[in-house]
Q: 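Encoded as structure tokens, here's the structure I'll be asking about.
These values consider heavy atoms only, across backbone and side chains, with no hydrogens, waters or symmetry-generated copies.
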Amino acid sequence: MDRARRRQMLGLLPVGLALACSLAAVGSSHWCQGTRRVTKPLCPGRLPCIRSRGRRDNASQAVQDIWETGDDKFILRRFHAGLWQSCEESVGSTGEKCRSFQSIIPAEEQGVLWLSIGAEIMNIFLMMTSAILLGSRVSYHHSHFHQLKVDASVAILMVLAGLLSMVAHMMYTTIFQITVNLGPEDWRPQTWDYGWSYCLAWGSFALCMTVSVMAMNRYTAARLEFTEKQKVQKGSQHSQLNCPEPKALESIWETEAAPSPAGSALTSVSEHLPPSAPGKVSMC
């Protein structure tokens, strides 16, 4: 029993790990990250800035000569974005400036973003349901048939969770690529790549599919074992019905070998009849 309980607890571990990865990915804002090219502020101020020199022209108007040209006028700022918001480094400070990711994407892609978020939430709900089912099997002792139903349910729920998460990740990737090309000018990144949240999300998908395959294998093995046991029990019952026990056979042979009381009665009646009596004797 302890070995079976330990095996069931090990089966619950990848489900909890997949759920933790999915929750961390959905709650974070590091699905995509990269750099943006931003114009330097004018000096005086905190570096980096654009160096300039003030002077006055013939009309006594202030003129500011900028010494830096080309790429020297720009700096690269890091940014990262997720399902909920996009954040980037602030110029001249150590903090970050964040804004809603929904306000950045094009208007026609708003519905696709909400579909992606809804699929991620459904994925988490299905994984939580699977974890509860497996936890109930570990905590309480159930029949063999109930464990078969739990394994079948977990296999179905986890494969659905994996498919939903895959669709959600692909939708978000498409939305981000469209936003990079058609998004606002003050947000478009110069370079970008996928972040650790994106890797966690796909890791959760891989764990979901692995748990589904493991649960299906357990269900198939237990089902075959249960079917073989039923066949053995039916075969033993059939052999017992066709072959009677030795004691029953002995009683049957003794009954057949014993003298019949009707024969002895006929013998005794025929001895007491007179010689002239007919030879017919009726018995009731």
Q: Could you report the tightest heavy-atom contact between Met216 and Ala155, atom names first, then the distance?
A: CE-CB, 3.8 Å
Q: With rounding to the nearest 0.5 angstrom, report the CD1 to CG distance, Ile104 to Leu113.
A: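 With rounding to 0.5 Å, CD1 (Ile104) is 11.0 Å from CG (Leu113).
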Q: Could you tell me whether the side chain of Glu109 and the main chain of Ile178 form a donor-acceptor pair under 3.5 Å?
A: no
Q: Below 4.5 Å, heavy atoms only, C-beta onward: do Thr179 and Pro106 meet side chain to side chain?
A: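 They are in side-chain contact.
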Q: Could you report the tightest heavy-atom contact between Met209 and Gly162, atom names first, then the distance?
A: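 For Met209 versus Gly162, the nearest heavy atoms are SD-CA, 4.0 Å.
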Q: In the structure I gave you, are the side-chain heavy atoms of Leu207 and Leu19 within less than 4.5 Å of one another anywhere?
A: no
Q: Taking Trp31 for its side chain and Ala25 for its backbone only, find out whether a donor-acceptor pair lies under 3.5 Å.
A: yes
Q: For Cys208, is there any backbone N or O sitting under 3.5 Å from a side-chain donor or acceptor partner on Ser212?
A: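 Not confirmed, Ser212 side chain does not pair with Cys208 backbone.
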Q: Is there side-chain contact between Trp84 and Val26, with heavy atoms separated by less than 4.5 Å?
A: yes
Q: Measuring from Leu164:CG to Ile121:CD1, what's the distance to the nearest 0.5 Å?
A: 11.5 Å
Q: First locate atom CG of Leu134, then atom CG of Leu157, and finally report the distance between them rounded to the nearest 0.5 Å.
A: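 One gets 9.5 Å once the value is rounded to the nearest 0.5 Å.
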Q: Under 3.5 Å, side chain of Ser22 to main-chain N/O of Ala18, donor-acceptor pair present?
A: no
Q: Verify the cluster assignment for Val159 and Leu133: are they in a single hydrophobic cluster under the rule of side-chain heavy atoms below 4.5 Å apart?
A: yes
Q: Counting N and O atoms only, with roles assigned by atom type, does the side chain of Ser116 sit under 3.5 Å from a partner on the main chain of Ala168, one being a donor and the other an acceptor?
A: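 Yes: the side chain of Ser116 pairs with the backbone of Ala168.
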Q: Any chance the rings of Phe101 and Tyr172 have centres within less than 6.0 Å?
A: yes
Q: Does any part of the side chain of Glu89, heavy atoms only, come nearer than 4.5 Å to the side chain of Phe79, both counted from C-beta?
A: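 In short, these two side chains do not touch, never coming nearer than 4.5 Å.
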Q: Using the rule that Ile, Leu, Val, Met, Phe, Trp and Tyr join whenever any side-chain heavy atoms are under 4.5 Å apart, tell me whether Val154 and Leu13 fall into a single cluster.
A: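 Shared cluster, no.
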Q: Shortest non-hydrogen contact from Leu83 to Ile117?
A: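 Between these two residues, the closest heavy atoms are O-CD1, 4.2 Å.
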Q: Hey, is the main chain of Leu200 close enough, under 3.5 Å, to the side chain of Ser204 for a donor-acceptor pair?
A: no
Q: Enter the distance from Arg77:CZ to Thr35:OG1 here, rounded to the nearest 0.5 Å.
A: 11.5 Å
Q: Less than 4.5 Å apart, any side-chain heavy atom of Leu126 and any of Met158?
A: no
Q: Keeping Arg78 on the side-chain end and Glu88 on the backbone end, is there a donor-acceptor pair under 3.5 Å?
A: no
Q: Take Trp192 and Phe176 through the ring-ring contact (aromatic ring centres under 6.0 Å, His included) test and state the conclusion after the steps.
A: CA-CA 10 Å; Trp192 66 276; Phe176 189 85; 4.9 Å; yes
Q: Taking the side chain as every heavy atom from C-beta outward, state whether Trp202 and Met166 have any pair of such atoms under 4.5 Å apart.
A: yes
Q: Could you go step by step and tell me if Trp187 and Ser86 meet the side-chain hydrogen bond (donor to acceptor under 3.5 Å, both in side chains) rule?
A: CA-CA 9 Å; Trp187 180 85; Ser86 175; 2.9 Å; yes
Q: Taking all atoms of both residues into account, what is the closest heavy-atom pair of Gly183 and Arg188, and its distance?
A: O-NE, 2.8 Å
Q: So, does Arg36 use its side chain to make a donor-acceptor pair with the main chain of Pro189 at under 3.5 Å?
A: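 No; zero donor-acceptor contacts below 3.5 Å.
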Q: Calculate, to the nearest 0.5 Å, the distance between atoms CD1 and CG belonging to Ile132 and Leu12 respectively.
A: 11.0 Å
Q: List the steps and the verdict of ring-ring contact (aromatic ring centres under 6.0 Å, His included) for Tyr194 and Trp196.
A: CA-CA 7 Å; Tyr194 299 108; Trp196 58 266; over 10 Å; no
Q: So which atom in Ser100 and which in Ser103 form the shortest heavy-atom distance, rounded to 0.1 Å?
A: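 So the two residues come closest at O-OG, 2.6 Å.
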Q: Rounded at 0.5 Å granularity, tell me how far CD in Gln102 sits from CD1 in Ile175.
A: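 Spacing of CD (Gln102) from CD1 (Ile175) equals 10.5 Å.
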Q: State which residue, out of His80, Lys97, Arg99, fulfils the side-chain contact (heavy atoms from CB on, under 4.5 Å) condition with Cys87.
A: His80
Q: Above 12 or not: heavy atoms from other molecules or residues under 6.0 Å from CE of Met128?
A: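 No.
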